[in-house]
Amino acid sequence: MSDVIKLDRIRRVFGAGDQQVEALRGVSFSIGDGEFVAIMGASGSGKSTCMNTLGCLDRPTSGTYWLDGIDTAGMTPDQLAEVRNRKLGFVFQGFNLLSRTSALDNVELPLIYAGVPAVERHSRARAALERVGLGERVHHTSAQLSGGQQQRVAIARALVNDPAVILADEPTGNLDTITTREIMQLFTDLNRQGITIVMITHEPEVAAYATRRITFRDGAIIADTADQN
C-alpha cells in the first residue's frame with residue numbers, strides 16, 4: 001500500500017512572542033491509499049489544524065507534508081489551490097452548497113475550476129450524483145433537498161474530480177441519527193470501492209465507521225489504532 005498522505009514532524013505555531021500557541025507539536029503519520037481514517041479529539045486538541053494542513057488550507061510552521069507524492073512545501077498559493085482542486089475532495093458539516101443552484105450545477109463546480117468542457121462536466125456530475133443515490137434529483141435545488149440529500153450532493157461534488165483523498169470535516173454534525181447512519185454507510189461503501197477517506201469527528205459512534213482512528217490531545221497524537229482484519 002502506497003502512502004497518499006505523509007506528515008513528518010509538522011509544527012504549527014500561532015501568534016508571536018509570549019502569545020505563541022503551538023497547535024501542532026511535531027506531528028508525524030502516514031495514510032495509505034484506500035484507508036478510512038478518523039481524526040479525533042476534543043476542541044482545541046489540534047485536529048482541525050491538522051485537517052487544514054491536510055487540505056492545503058494552512059501552511060505548517062515547520063515540517064513536511066507530502067500529498068499523493070507531492071511535497072507541498074514552498075508552493076505558491078496558486079499552486080496549492082491547483083493541488084487542492086486536483087487531489088482533494090472536501091465534505092463539510094454545513095454542506096457548503098449554492099442554495100439556488102441545482103444539484104448538478106453544484107457538483108460541476110470543481111470541474112469548472114479545472115477547465116473541463118461542458119459536455120464532459122455534465123456527464124461526470126450526473127454519474128457522481130447517481131453514485132451517491134441522487135440520480136433522480138439532479139435538477140433539484142438545495143432548498144428542495146433534505147439535509148441528508150444535501151450532504152450526498154456535497155459528497156458527489158467531492159468525488160467528481162476523482163481525488164486522491166476525500167477530506168470530511170464533521171460530515172454528520174448537522175444530521176439526525178438515522179441520516180448520520182445513512183451518510184456513514186455511504187462513506188463505508190465508497191471506501192470499499194477504494195476511495196481514501198480522512199474524516200474529522202468528535203463523535204466515537206461516527207469514528208467507529210472508520211477502519212483507523214488517530215486521536216489528538218494538546219497538539220500531539222496520543223493514540224493511533226486500526227481495526228484488525
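- In this structure a side-chain-to-backbone donor-acceptor pair under 3.5 Å is present from N106 to T101.
- Ring planes of F36 and F187: tilted class, angle from 30 to 60°.
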What donor-acceptor contacts under 3.5 angstrom involve side-chain atoms of residues 165-172, with partners at least two apart or in another chain?
| from | atom 1 | to | atom 2 | distance (Å) |
| --- | --- | --- | --- | --- |
| E170 | OE1 | H202 | ND1 | 3.3 |
| E170 | OE2 | H202 | N | 3.4 |
| E170 | OE2 | H202 | ND1 | 3.0 |

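- Within the 4.5 Å cutoff, the side chain of I5 has heavy atoms near those of the Y65 side chain.
- Between the side chain of D176 and the backbone N or O of I178, at least one donor-acceptor pair lies under 3.5 Å.
- L97 and L159 fall within the same hydrophobic cluster, where Ile, Leu, Val, Met, Phe, Trp and Tyr residues are linked whenever their side-chain heavy atoms come under 4.5 Å apart, directly or through other members.
- The distance from the CD atom of Q151 to the CG atom of L134 is 11.0 Å, given to the nearest 0.5 Å.
- Remark: the backbone N or O of V116 is paired with a side-chain donor or acceptor of R121 at under 3.5 angstrom.
- Of the candidates M199, K47, E203, R213, R213 is the only one forming a side chain to side chain contact (heavy atoms under 4.5 Å, CB included) with M40.
- Between I155 and the choices L186, L129, V160, the side chain to side chain contact (heavy atoms under 4.5 Å, CB included) rule is met once, by L186.
- Across I39, T225, I222, a single residue satisfies side chain to side chain contact (heavy atoms under 4.5 Å, CB included) together with T215, and that is I222.
- Heavy-atom contacts from other residues, nucleotides or ligands closer than 6.0 Å to CD of Q19 number 12 or fewer.
- With hydrogens and angles disregarded, no donor-acceptor distance shorter than 3.5 Å links the side chain of T49 to the backbone of A23.
- More than 12 heavy atoms of other residues, nucleotides or ligands lie within 6.0 Å of CZ in R59, so this atom counts as buried by the packing criterion.
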* To do: Could you please spell out the steps behind the side chain to side chain donor-acceptor pair (under 3.5 Å) verdict for T196 and D33?
  => CA-CA 6 Å; T196 307; D33 188 24; 3.3 Å; yes
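- Residue Y113 is found in a hydrophobic cluster whose other members, listed by chain and number, are L98, L109, I112; membership requires side-chain heavy atoms under 4.5 Å apart, directly or through intermediates.
- Checked by atom type and distance alone, the side chain of D218 never pairs as donor or acceptor with a backbone atom of S45 at under 3.5 Å.
- Other residues, nucleotides and ligands contribute at most 12 non-hydrogen atoms within 6.0 Å of the CD atom of E136.
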